[in-house]
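A short worksheet on the structure shown next.
Letters go in sequence order (proteins before strands), and every chain restarts at 1. All figures in this text were calculated on a predicted structure; none of them were measured in a lab.
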Protein chains: 2
Amino acid sequence: MKSPRNTTAKTVIQDLIVTSNVALSHSEIQKSLEGLCDRVTIYRVLERLIKEGVIHKIVNVDGVVKYAGCHSCSVKHSHNHIHFSCQKCKSVTCLEDVEPTFKMPKKYIISEMNFTLSGLCPQCS
Amino acid sequence: MKSPRNTTAKTVIQDLIVTSNVALSHSEIQKSLEGLCDRVTIYRVLERLIKEGVIHKIVNVDGVVKYAGCHSCSVKHSHNHIHFSCQKCKSVTCLEDVEPTFKMPKKYIISEMNFTLSGLCPQCS
DNA sequence: TTACTAACGCAACACTGTTGCATTTACAAA
DNA sequence: TTTGTAAATGCAACAGTGTTGCGTTAGTAA
Ligand SMILES: [Mn+2]
Ligand SMILES: [Mn+2]
Ligand SMILES: [Zn+2]
Ligand SMILES: [Zn+2]
């Protein structure tokens, strides 16, 4: 009976990500925490939050990894929405309403999607 | 008048990527070269080939960076096709014919796209 | 052949992410 | 409230990826 525990690190990190209107990177989270916990702990907390369906991971066009809150992923992650990355202010935003459509060749089995666009966000354009 | 030069490293790397039917990572290229040149040189050659519009960079869902040949990018890169990444054989393939459609909110200015799917490729499914 | 400089090799570095292990601590049960 | 268990943490050490500076090599135009 392995029961998950609510630690301060987990609580704070979860709150940071969920209340943010843009996706956050590991280093950005670390700066905000100001030494509250080790950087390894942050990685492990992020891993746990993903497994719990609370947050999801975004790999940007430039390779930078960010994390954002989920809205309806309690059981299983399903993110077929677009992520927008601003080249000026470096912000990454989930566009939950924008879901691309496309026709795949048969024989391909899809289990995960990642749609990332970059350019200028409304604030920067 | 800075004129680009055709070195053996560049020729071999370009040939490797363009003739491959799957995208290649830096480490995969390095293994193929068997010490022909330094790993830093590989990075610099890849950079050059991208700038010349010969190859393009693909950031996978898992963060792994791969490189594939371009087909019609002589002047400016435009890759709005899908990249498929097989979770079993780890191959990354360009699906040049598959271009997603979507409706973006106004005020966003798009300059780059990255569509990556993962799952099982025809060979592995 | 020569001069110029693009391209290279090497060393050193920063950043990201992972792993092992001893220690701490949340929390269920007593 | 106290106690036992193991989930979670801190720390050190490590691997992989990508970058930068600088002295040297080598491609190519003149
Ligand atoms: Mn998202
Ligand atoms: Mn491609
Ligand atoms: Zn912006
Ligand atoms: Zn496969």
Side-chain angles (χ1 to χ4, degrees), chain A residues 1-17 23-68 85 87 90 92 114 116 118, chain B residues 1-17 23-68 85 87 90 92 114 116 118:
Chain A
M1 55 191 87
K2 60 170 179 177
S3 52
R5 299 176 183 179
N6 290 319
T7 63
T8 48
K10 188 187 166 188
T11 308
V12 174
I13 293 171
Q14 177 168 346
D15 195 61
L16 251 177
I17 297 175
L24 300 175
S25 67
H26 173 277
S27 63
E28 288 167 341
I29 293 168
Q30 190 177 9
K31 276 174 201 131
S32 293
L33 295 184
E34 289 172 336
L36 175 82
C37 68
D38 195 74
R39 44 186 292 278
V40 179
T41 300
I42 300 177
Y43 280 115
R44 296 198 259 231
V45 167
L46 290 170
E47 208 173 281
R48 234 180 302 153
L49 290 174
I50 289 174
K51 204 161 62 188
E52 293 178 12
V54 179
I55 65 172
H56 63 284
K57 191 177 181 173
I58 304 165
V59 179
N60 202 1
V61 193
D62 56 11
V64 176
V65 175
K66 301 220 172 188
Y67 303 87
S85 167
Q87 290 168 333
K90 304 295 176 192
V92 173
N114 195 314
T116 312
S118 60
Chain B
M1 59 188 85
K2 60 172 180 178
S3 52
R5 299 177 182 178
N6 290 320
T7 62
T8 48
K10 186 186 168 190
T11 309
V12 174
I13 293 172
Q14 175 168 347
D15 196 61
L16 252 177
I17 297 175
L24 301 174
S25 67
H26 173 275
S27 64
E28 288 167 342
I29 293 169
Q30 190 177 10
K31 276 174 201 129
S32 294
L33 295 183
E34 289 171 336
L36 175 83
C37 68
D38 194 73
R39 44 184 294 276
V40 179
T41 300
I42 301 177
Y43 280 115
R44 295 199 260 231
V45 167
L46 290 170
E47 206 173 284
R48 233 180 302 153
L49 290 173
I50 290 174
K51 203 161 62 188
E52 292 178 13
V54 179
I55 65 173
H56 64 284
K57 191 177 183 173
I58 304 165
V59 179
N60 203 0
V61 192
D62 56 10
V64 176
V65 174
K66 302 221 172 186
Y67 302 87
S85 167
Q87 290 167 333
K90 305 295 175 191
V92 172
N114 196 314
T116 312
S118 60

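For the OP1/OP2 pair of D:dT9 and a distance below 4.0 Å, the side-chain nitrogens and oxygens of A:Thr7 include at least one atom meeting the criterion. Applying the 4.0 Å criterion to OP1 and OP2 of D:dG10, one finds that A:Thr41 has a side-chain N or O inside that range.
Remark: B:Tyr43, B:Arg44 in residues 42-50 of chain B come within less than 4.0 Å of DNA chain D through at least one heavy atom. For the segment residues 30-40 of chain A, residues with any heavy atom less than 4.0 angstrom from an atom of DNA chain D are, sorted by number, A:Leu36, A:Cys37, A:Asp38, A:Val40. Listed by residue number, B:Val65 are the residues of residues 54-67 of chain B with a heavy-atom contact under 4.0 Å to DNA chain D.
Separating the OG1 atom in A:Thr7 from the CD atom in A:Gln14 is a distance of 10.0 Å, to the nearest 0.5 Å. In this structure, A:Thr11 OG1 and A:Asn6 CG are separated by 5.5 Å, a value rounded to the nearest 0.5 Å. In this structure, B:Ile50 CD1 and B:Lys57 NZ are separated by 6.0 Å, a value rounded to the nearest 0.5 Å. The CG atom of B:Leu49 sits 6.0 Å away from atom CD1 of B:Ile17, with the distance rounded to the nearest 0.5 Å. For the atom pair NE2 (A:His26) and CG (A:Leu24), the distance works out to 12.0 Å, reported to the nearest 0.5 Å. Of the inter-residue distances, the one linking A:Ile29 atom CD1 with A:Leu36 atom CG reads 12.0 Å to the nearest 0.5 angstrom.
Residues passing the side chain to side chain donor-acceptor pair (under 3.5 Å) test with B:Thr116 are B:Asn114, sequence neighbours excluded. In terms of the salt bridge (Lys or Arg N to Asp or Glu O under 4.0 Å) criterion, residue partners of A:Lys10 (sequence neighbours excluded) are, by chain and number, A:Glu52.
Distance, A:Arg5 CZ to C:dA26 P: 9 Å, rounded to whole Å. When rounded to the nearest whole Å, the span between NE2 of B:His26 and P of D:dG16 equals 13 Å.
Between B:Thr8 and A:Thr8, it is A:Thr8 whose nearest contact on DNA chain D lies nearer the 5' terminus.
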Without placing hydrogens or testing angles, list every side-chain donor-acceptor pair under 3.5 Å for residues 61-68 of chain A, not counting sequence neighbours.
residue	atom	partner	partner atom	Å
A:Asp62	OD1	A:Asn60	ND2	3.3
A:Asp62	OD1	A:Val64	N	3.1
A:Lys66	NZ	A:Glu28	OE2	3.3
A:Lys66	NZ	A:Lys90	O	3.3

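Applying the side-chain hydrogen bond (donor to acceptor under 3.5 Å, both in side chains) definition to pairs two or more places apart or across chains, none involves residues 32-50 of chain A.
In terms of heavy-atom proximity, A:Ile42 sits nearest to A:Leu33 at CD1-CD1, 3.8 Å.
Rounded to 10 degrees, the angle separating the terminal helix axes of the helix from C:dT1-D:dA30 to C:dA30-D:dT1, each built from five base pairs, is 30°.
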